[in-house]
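Below is one structure, written out as structure tokens, with a few remarks after it.
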Amino acid sequence: MPKSKLLRDKFRDLKILRVAGAYNSLFAKIVENIGFDAVWVSGLELSTSRAVPDASILTMTDFADASRLINRSINIPVIADCDAGFGTAANVHYMAKEYERNGVAAICIEDKTHPKLNSLLSGMQTLVPADEFAGKIRSAKDAQSSDDFMVIARTEAMISGMGCDEALRRAYIYRDAGADAILVHSKSDSHNQIAEFMEHWDVSIPVVIVPTTYPITVDEAYRLGIKMIIYANHGIRAAVKACNEVYSKILIDGTTQTVENDIAPVSDLFELQGIDHLRSVEERFVRR
Ligand code: SPV
Ligand code: MG
């Protein structure tokens with residue numbers, strides 16, 4: 001079954017979808033093994049993994065290649081963070097085709113100017129006019145070849161300080177342009193902004209949230225009418241902390257003995273590589 005169909009089915013069948021961020025196949029595999037519904041290929045994680053700012057320093061090709069490699073390593077759908085679409089509505093047309101060809105189930109584009117800056121940073125959070133962004137959505141929808149491929153429109157109105165009314169105005173324009181879902185982003189320290197948005201949203205298409213700065217439980221999100229929660233960066237943050245602690249300890253203690261209980265055994269790595277599959281292929285085809 002195509003991954004885009006799988007994602008559509010989850011939207012139809014599940015009360016709420018839970019999605020986690022990854023920037024490579026390893027983390028995507030962990031996300032899948034834990035039981036999340038899909039992988040979010042996060043621009044923030046991907047940029048961090050290359051030690052560059054999440055500010056359109058990496059290119060569309062960098063992003064699309066990461067999604068392609070991740071997608072072929074897992075069986076759950078990939079939802080790709082495509083920033084502001086890497087240019088105009090014309091760029092978006094090429095981009096959407098490329099991602100769909102790569103097997104990605106859904107792309108997400110945001111209404112910021114390109115080059116963009118990560119939403120959690122202060123500074124240039126400028127939006128393009130709503131009708132210009134609607135053109136990007138129409139372009140992506142025109143480019144797709146299967147009906148199931150999804151285009152998620154993300155409004156950064158509340159990130160840019162414009163408030164809930166502007167987020168709602170834009171969300172309705174993006175829905176009318178053909179978006180399959182709306183991602184409403186907030187960097188408030190409570191979920192009040194999201195709650196206010198949901199109070200006035202008619203839920204005609206699903207709403208997606210990315211709770212990084214505000215806490216929200218799955219039940220709270222469900223009660224507000226939210227359909228998908230993306231835990232966008234908790235994987236890489238866990239990894240950074242763990243790696244810092246373990247490598248520091250090795251250098252300070254002068255031995256690996258003191259960290260052995262805090263790290264995964266090598267057998268876990270072999271399992272993540274899919275060693276069982278290698279063994280079975282060897283058994284069937286390699287002459288000894
Ligand atoms: C990402 O994970 O790259 C996102 C979410 O777009 S945020 O970092 O909050 O902008
Ligand atoms: Mg991003």
Side-chain angles (χ1 to χ4, degrees), residues 17-24 27-28 30-31 36 38-67 70 77-87 92 95 99 104 106-128 133 136 140 150-162 167 174 179 181-191 193-194 197 207-216 221 226 228-240:
L17 283 77
R18 290 184 287 174
V19 177
Y23 60 92
N24 64 16
F27 281 83
I30 292 172
V31 168
F36 282 93
V39 164
W40 164 256
V41 180
S42 156
L44 172 62
E45 288 206 348
L46 198 52
S47 302
T48 310
S49 78
R50 305 265 182 95
V52 296
D54 182 16
S56 305
I57 307 298
L58 298 182
T59 65
M60 190 274 268
T61 310
D62 293 323
F63 271 57
D65 282 350
S67 286
I70 286 172
V78 166
I79 302 170
D81 176 6
C82 296
D83 283 356
F86 309 101
V92 168
M95 181 204 83
Y99 273 85
V104 164
I107 55 171
C108 176
I109 48 176
E110 64 196 42
D111 55 6
K112 287 223 291 270
T113 49
H114 172 81
K116 57 78 60 86
L117 184 67
N118 181 269
S119 309
L120 306 177
L121 284 167
S122 56
M124 260 254 299
Q125 302 291 352
T126 324
L127 271 50
V128 296
F133 189 68
K136 293 190 183 187
M150 290 178 79
V151 176
I152 302 172
R154 161 170 163 177
T155 182
E156 296 271 296
M158 301 200 289
I159 295 291
S160 75
M162 285 171 155
Y174 304 161
I182 296 291
L183 192 162
V184 58
H185 205 10
S186 164
K187 58 177 166 189
S188 170
D189 57 8
S190 82
H191 65 258
Q193 277 191 329
I194 299 293
F197 179 94
V207 170
V208 182
I209 57 167
V210 183
T212 297
T213 58
Y214 57 90
I216 189 166
I226 284 149
M228 181 191 279
I229 308 179
I230 299 175
Y231 305 100
N233 49 54
H234 302 78
I236 200 167
R237 288 163 61 197
V240 166

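The chain is numbered in sequence order, starting from 1. This structure is a prediction, so every number in the text was calculated from the model and none was measured. Quick note: numbers below take in every heavy atom, side chains included, and nothing from hydrogens, waters or symmetry partners. First listed ligand is number 1; within each ligand, the first listed atom is number 1.
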Can you check side chain to side chain donor-acceptor pair (under 3.5 Å) on S119 and R154, steps first, answer last?
CA-CA 12 Å; S119 309; R154 161 170 163 177; 3.0 Å; yes

Let me see the working for S42 and D81 under side chain to side chain donor-acceptor pair (under 3.5 Å), right down to the final yes or no.
CA-CA 6 Å; S42 156; D81 176 6; 4.9 Å; no

Can you find an N or O of E110 that's nearer than 3.5 Å to an N or O of ligand 1?
no

Does an N or O from A232, backbone or side chain, lie closer than 3.5 Å to an N or O of ligand 1?
no

So which heavy atom on W40 is nearest to which on A232, and how close?
NE1-CB, 3.6 Å

About how many Å separate CZ of F133 and CG of L127, when rounded to the nearest 0.5 Å?
9.0 Å

Got an N/O contact under 3.5 Å between R154 and ligand 1?
yes

Side-chain donor or acceptor of T213 paired with backbone N/O of S188 under 3.5 Å
yes

Does the side chain to side chain donor-acceptor pair (under 3.5 Å) test come out yes or no for N233 and T212, once each step is laid out?
CA-CA 8 Å; N233 49 54; T212 297; 3.3 Å; yes

N118, any N or O under 3.5 Å of ligand 1 N or O
yes

Residue D81 atom name (nearest to the Mg ion (ligand 2); N/O/S)
OD2

If we set the cut-off at 4.0 Å for heavy atoms, which region of H185 has an atom near ligand 1: side chain, backbone, both, or neither?
side chain

Nearest protein heavy atom with distance in Å, relative to atom 2 (O) of ligand 1
S42 OG, 2.7 Å

Just which atoms of ligand 1 are under 4.0 Å from any heavy atom in S119?
10 (O)

What part of D81 sits under 4.0 Å from ligand 1 if we count only heavy atoms: the side chain, the backbone, both or neither?
side chain

Please work out whether any backbone atom (N, CA, C, O) or any side-chain heavy atom from C-beta onward of N233 is under 4.0 Å from ligand 1, and answer side chain, backbone, both or neither.
neither

Identify the heavy atoms of I182 and I152 that sit nearest to each other, and give their distance.
C-CG2, 4.4 Å

Would you say the side-chain atoms of S47 pair up with the backbone N or O of L44, donor to acceptor, closer than 3.5 Å?
no

I230 contact mode with ligand 1 (heavy-atom cut-off under 4.0 Å)
neither

Check ligand 1 against G43 and write out every atom of the ligand that is under 4.0 Å from a heavy-atom position of the residue.
1 (C), 3 (O)

Among K112, K187, H185, find the residue that satisfies the side-chain hydrogen bond (donor to acceptor under 3.5 Å, both in side chains) test when tested with E156.
K112

Just distances here: any N/O of L120 and N/O of ligand 1 closer than 3.5 Å?
no

Check: W40 N/O within less than 3.5 Å of ligand 1 N/O:
yes

E110 N/O/S atom closer than 2.8 Å to the Mg ion (ligand 2)
no

Check for a donor-acceptor pair, side chain of S56 on one end and backbone N or O of K116 on the other, with a separation under 3.5 Å.
yes

